[in-house]
Amino acid sequence: MTDSKILTLHEDRYFSSNPEKRKIAKRLYETVGHLPLICPHGHVDPRLFADNTPFPDPTELLIIPDHYVFRMFYSQGILLEALGVPRVDGGQTESDHRKIWQVVGDNFYLFRGTPTGMWLKHEMRDVLGVTKRLSDDTALEIYDEIITTLSKPENLPRAMFERFNIEVLSTTDVPTDTLEHHRKIRESGWNGKVVPTFRPDNVTNFLYPDWKANIDKLTEISGIDCSSYKGFIQALETRRSFFKELGGTSTDQGVTTPYTVELSAAEAEQLYNKALQGRASADDACLFTGHIVMEMARMSLDDGMTMQIHPGSNRNHNDIVFRTFGLDKGVDIPMATDYVNNLKPLLNKYGNEPRLTIILFTLDETTYSRELAPLAGHYPALKLGPAWWFHDSREGMLRYRKMVTETAGFYNTVGFNDDTRAFPSIPARHDLARRVDCRYLAELVAEHVLDLDEAEETIVDLSYNLAKKNYQF
Ligand SMILES: [Zn+2]
């Protein structure tokens, strides 16, 4: 084995190469590198911690839950079937996880310079103790090594959660979820804090697959008849309070655009009835969703839950992949998003309310300095979520700080969230975010914009306090 095959994680990674800035960044990192992780938004399956059974193998652990991985492979002509992604029609896909891992090893070089590459290296070195770089000729040796590592009790999901120093982990759950796994975790006596997030898209968006069936489920689970708009709203309120009882502190909405509109109850009811009869158009769905965003703000003022909005993704862009493999296969593409006009009704009604926290995300970086920072730098209710998805990256987070800070400051942002399905990538993602913030602050100190002690205080806020405060943990 040559030295070039050793998997290294340089202690100064992602800091500036300028010696003075690097020295300051290192000093800032020393104050936050080991702080507990607040994970206020993500998609880890709570069943992991309810059951606490061993992770079966590296493919199941690192590859299958991560659509960042297979979108890159697909772009290079590797079929999703070869990666074991299940087909909607139940057709044949690769089930031999060793074979899939070999494909990953053969093609790992594709991730050079990408956040996925950075996260996976960190996970393998720091979480799983792998010392060789993943490649075509090391793949199977590393596979067997990770299998042995995963069989040890210290690598059970709950033990990993503790080792990662996670203070709280939010999952994302639909209103029709029984939250049985959350209940099981609480009743087990384990101290790990895993809480739900209320995300009602499957019942608020008429265009959602199985919308009508989801409404029936909502009736069943809430005990409130949702055959009227009034009942539907009551059911949402009841489910929110159930989520709160199980530790939930926030809601989320994934919307195509951040369009908001206030309809009268009669207008909303008319749209809802139309949808129940299967006659709602795409425009009806857009109007209703825009109205429900307003309703969710009203409910948040009542019950105190923090509100998140994730707009701007053109979901399932590739028809063939969608038809063959379904949702969430790495084919959601960012699109231009208008916040200023779309959010005006919401912000005029609720934006001046300091008791309310609305956390806004974007996939459209052109809006950072033109729209989002000016809005968040004015409306007391509005805060900016961290650089999201494709921009949750070394350069993406730097661009975010550079374009947002001068207008919105640091304190209209809410710290980092990992937004991941891939549980073992959580420490790597937080570490990258902390290092990028250290890098950004080090530049401000080196250029005498901030004194070192101000930066030392700020980096603790960005790494820990702001997420805790805005998500109410
Ligand atoms: Zn998310």
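Heavy atoms only: backbone and side chains are in, while hydrogens, waters and symmetry mates are out. The structure presented is a predicted model; accordingly, all values stated were derived computationally and were not measured. Both ligands and their constituent atoms are indexed starting at 1 by order of listing.
Every residue meeting the ring pair (Phe, Tyr, Trp, His ring centres under 6.0 Å) condition with His43, not counting sequence neighbours, appears here in chain and number order: His41. Evaluation of the ring pair (Phe, Tyr, Trp, His ring centres under 6.0 Å) rule for Phe70 yields no partner, not counting sequence neighbours. With sequence neighbours excluded, no residue forms a salt bridge (Lys or Arg N to Asp or Glu O under 4.0 Å) with Asp338.
Annotation: cation-pi pair Arg298/Tyr350 absent, no NZ/CZ under 6.0 Å from the ring centroid and within 45° of its normal. With a 6.0 Å cutoff to the six-membered ring centre and a 45° limit on the axis angle, Arg71 does not count as a cation-pi contact of Phe390.
Around the Zn ion (ligand 1), the protein contributes the following N, O or S atoms under 2.8 Å, ordered by chain and number: His41 NE2, His43 NE2, Asp419 OD1.
With respect to the salt-bridge test (charged N to carboxylate O, under 4.0 angstrom), the residues Asp431 and Arg13 qualify.
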